[in-house]
Amino acid sequence: MQKRRIAITGLGPLAATGTGRDDFGKAVLSGRTGVKPVSLFDVSASRAKLAALVENFDVGPYLPSPKTYLDRHSELAFGAMSLALKDSGIDPANFDRSDAGLFFGTAYGNMETARLFFSDFLEKGPRFVKPVLFPHAYSNTTASLLAMDYGLSGYHVNFSSGWVSSALAMLQAYDMIRHGRLNLAFTGGCDIVNQALFAGLDRERRLGTASAVESLRGPYDANRSGFVPGDGAAIVVLEEYGRAVARGAHIAGELAGCSVVNSPGGPTAPASLRAMSSAIAEADLGPGDIDLVVGHASGDKAIDAVELEAISSLAKEAGRTLTAFSIKTIVGETTGAAGALQVCTAAALISAGLIPAIYGLRTPEAAAGVLLPTEPVAGPIRAVLVNSMDPGGSIVSFVIKS
Amino acid sequence: MSSSQPRIVVTGMGAVTPIGIGVENFWTAVCRGDQGIRDVARFDTKDFPFSRGGEIREFALPRGLRDIAGDTDIANQFMLAAAEEAVADASLASTDSFGKSAGVVLSTNFGGYGTAEDYFAMLQGRPNSGGRGFRELSFQVCSDLLARCWKIEGPSVVLSLSCSSGSAAIAAGAWFIRAGRAKVVITGGYDALSRFAWSGLSALRTMAKDSVRPFDLNRSGTIFSEGAGAVIIEERDHALARGAKIHAELAGCGMNNNAYHMTAPAKEGAGSAAAMRMALADGGLDPASVDHVNAHGTGTKPNDVTETQAIKAVFGEHARKIPVTAIKSSTGHMMGAAGSIEAIASILSIRDGVIPPTINFLTPDPECDLDYVLNEKRAANLTTVLSNSAGIGGCNAVVIFRKHGRSNAEA
């Protein structure tokens with residue numbers, strides 16, 4: 001059976017740098033960072049001090065119906081969904097909801113409400129918990145709320161698969177459209193940073209030690225000390241290509257190939273290479289066709305090196321220099337939402353024909369065949385490779401064609 | 001349904017349940033009508049409104065898994081143990097490199113949140129808290145564990161779809177096989193009773209104090225329990241080529257959302273009906289070919305009547321001829337594990353020609369008037385069995401199994 005093609009027809013990114021495709025795109029292209037010293041919660045007990053948080057977000061305008069309570073996680077996701085739907089040009093009153101799937105992913109879900117709910121238990125005992133909070137404490141609460149408000153009664157999945165969650169959500173939607181099961185999918189994910197997450201990552205010594213944005217060292221930097229966590233949400237609308245063209249949709253790119261591999265114990269260069277190569281092959285391309293890699297790299301000492309080594313091997317196969325870029329010093333490491341935000345990034349750069357400098361990159365690691373931009377690079381971008389990884393070893397790669 | 005969609009079969013099963021650990025132990029117990037509800041001892045239930053649940057007390061992780069498991073939460077231990085039984089059942093362990101083309105797709109409500117309670121307590125400055133369990137906040141740790149155990153290089157995935165999880169893992173897992181991303185997928189559903197889960201579930205007003213009585217007029221709710229089920233699905237050609245024992249075929253599957261309300265089912269079970277239709281269509285199956293429905297049957301007032309309505313809506317006249325059973329009456333509501341364990345019961349029903357009973361039934365409810373298998377198991381020659389699952393947030397997942405060797409033409 002002829003495999004169908006998948007168009008990206010709507011983007012709804014929401015991160016510390018901005019709300020919606022235009023805002024987000026401008027921030028990425030101009031190198032404006034959303035990283036700041038944390039003020040939303042107490043980090044005095046942590047070594048790390050910086051995060052890229054979404055502050056003062058008013059979800060009101062983005063809600064189809066009023067809510068008495070929403071976890072901040074759900075708020076950001078509602079924002080992203082509304083933005084993506086608008087961006088797609090699909091009339092919310094007029095599309096076949098049973099033909100549309102909702103593919104959502106989140107590493108930590110509504111963990112803040114879970115923590116809040118349980119705090120009453122710890123402080124006062126089981127008789128004093130607030131029942132109304134508990135349905136908002138699940139990993140799948142946000143996906144369910146979206147389905148309810150948007151009447152999405154078709155295929156429904158919530159990936160709770162660590163940092164590759166939104167990437168997996170996009171991959172499964174791509175698979176189902178490709179194999180003729182669906183024509184339209186709302187995909188993506190969300191994760192937020194609360195004190196619990198920040199403190200835990202800090203204790204594990206994963207976070208960078210810069211206390212001021214000026215001393216932040218970027219992904220792939222030889223002096224990196226860890227990553228900066230970030231709030232993030234993105235909904236990406238995927239549609240069967242022919243249908244997208246027929247309705248006159250603006251096509252931001254074609255999701256042309258995906259892959260998912262696992263590397264037991266943690267990501268390795270060979271596993272990362274395998275993931276990238278599979279995605280490239282599935283897109284009917286060769287390594288030499290890749291104009292840009294939007295990397296997973298976040299400033300993590302070990303994993304950035306793993307990815308870089310893999311990209312270097314890919315460059316060797318390609319017989320050309322590959323350019324690798326990362327947004328994670330602009331929007332932070334958004335864990336489960338990262339994959340979807342990286343896809344939004346790929347679309348923004350394809351559209352602009354520009355690869356910005358990596359924010360905070362002062363001393364690029366030496367990697368044969370890999371250009372790590374410290375200055376913007378202009379030129380047509382025809383195919384982008386996007387990598388998403390979980391520290392436990394799960395790796396997802398995408399190829400997006402212009 | 002596309003005729004080019006690869007056929008998928010079940011080649012391995014594993015079970016950790018309150019009525020038996022190990023598939024055959026579970027199956028003997030559930031056919032006998034055992035009940036796994038007891039006073040919860042793992043934590044003090046003094047101030048809780050409910051003190052009885054399906055707690056598993058006799059569980060110990062097999063020796064060989066203890067090193068790799070470390071101090072991981074008991075929910076993950078349940079999953080690991082069930083997976084090990086399934087892998088052995090599927091004769092995969094002896095195939096050294098099966099991991100290269102294999103995936104893991106699990107699903108859970110709360111994962112290892114029981115251990116994460118300690119981390120929350122530390123953050124809150126509670127005394128005697130060691131701060132353990134931060135890692136458990138990402139459910140991926142469980143899939144990573146299984147992946148390290150069997151060197152899984154295909155998709156390593158965890159879903160969270162509340163109490164539809166076990167069935168959802170199978171349905172989503174099937175899509176990785178259909179898309180060619182794995183030949184074999186270890187699917188699983190798992191959950192454990194923790195103070196976090198118990199305090200929340202008690203507050204939802206869906207629990208009963210004494211027993212689970214699906215379809216009974218005086219039913220008063222469900223009772224939560226714990227455990228894990230593993231169902232290994234495999235591309236049929238791959239299974240045949242390696243001479244694997246085939247338990248049943250996965251004839252169809254589907255998952256959706258009611259898009260209606262966080263905790264109440266859709267009117268007349270519309271969402272559940274849509275999920276059943278999705279699964280039937282997925283397999284190109286005529287509703288009249290279904291011989292038995294293993295119900296979600298939680299024993300709550302709303303579920304049992306809306307599920308009955310949904311079955312009638314989907315099967316029409318044929319509905320009255322389909323024996324229906326709800327094994328949550330025996331096992332309690334195993335949350336994420338329920339769908340996996342009910343899949344296993346569905347498959348064994350086909351194998352043995354026996355439908356396990358819905359126990360604790362005393363008084364018929366005029367609104368629940370299907371042919372339920374009540375209090376005693378029933379012999380039945382079954383070819384095609386449909387299993388329903390649903391969960392908070394309006395999630396539904398449906399899996400359909402068929403006796404291996406049959407095709408749509410014969411069914």
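Reminder, nothing fancy here: chain letters follow the sequence lines and each chain counts from 1.
- With chain B as partner, the option from A/C258, A/S263, A/G266 having the largest number of non-hydrogen pairs under 4.5 angstrom is A/C258.
- The parts of B/L137 that come within reach of chain A are both its backbone and its side chain, each placing non-hydrogen atoms under 4.5 angstrom from that chain.
- Contact annotation for B/L161: both backbone and side-chain heavy atoms come within less than 4.5 Å of a heavy atom of chain A.
- No part of B/A168 comes within reach of chain A, as not one of its non-hydrogen atoms sits under 4.5 angstrom from that chain.
- Within the 4.5 angstrom heavy-atom criterion, atoms from both the backbone and the side chain of B/S156 approach chain A.
- If you tally non-hydrogen atom pairs under 4.5 Å between each of A/A137, A/G109, A/G200, A/A45 and chain B, the highest count goes to A/G200.
- Both the backbone and the side chain of B/M262 come within less than 4.5 Å of a heavy atom in chain A.
- With a 4.5 Å cut-off on non-hydrogen atoms, B/L201 touches chain A through its backbone and its side chain both.
- The contact between B/N256 and chain A is made by backbone and side chain atoms together, counting heavy-atom distances below 4.5 Å.
- Residues A/T142 and A/D71 bring no donor and acceptor atom of their side chains to less than 3.5 Å of each other.
- Both the backbone and the side chain of B/R178 come within contact range of chain A, with heavy atoms under 4.5 Å apart.
- Defined by atom type and a distance below 3.5 Å, a donor-acceptor pair is present between the side-chain atoms of A/T106 and A/D191.
- Contacts between B/Y260 and chain A at a heavy-atom distance below 4.5 Å involve the backbone alone (N, CA, C, O).
- B/R148 touches chain A through backbone and side chain together, each having a heavy atom under 4.5 Å away.
- The contact between A/E123 and chain B is made by backbone and side chain atoms together, counting heavy-atom distances below 4.5 Å.
- Heavy-atom distances place both the backbone and the side chain of A/A114 under 4.5 Å from chain B.
- No part of A/L133 comes within reach of chain B, as not one of its non-hydrogen atoms sits under 4.5 angstrom from that chain.
- Under the 6.0 Å cut-off for aromatic ring centres, A/F103 and A/Y155 qualify, their centroids lying closer than that.
- The parts of B/A172 that come within reach of chain A are both its backbone and its side chain, each placing non-hydrogen atoms under 4.5 angstrom from that chain.
- For A/R274, the part lying near chain B is the side chain, with the backbone staying farther off; criterion is any non-hydrogen pair under 4.5 Å.
- Proximity to chain B involves both the backbone and the side chain of A/L201, based on heavy atoms less than 4.5 angstrom apart.
- With a 4.5 Å cut-off on non-hydrogen atoms, B/A197 touches chain A through its backbone but not through its side chain.
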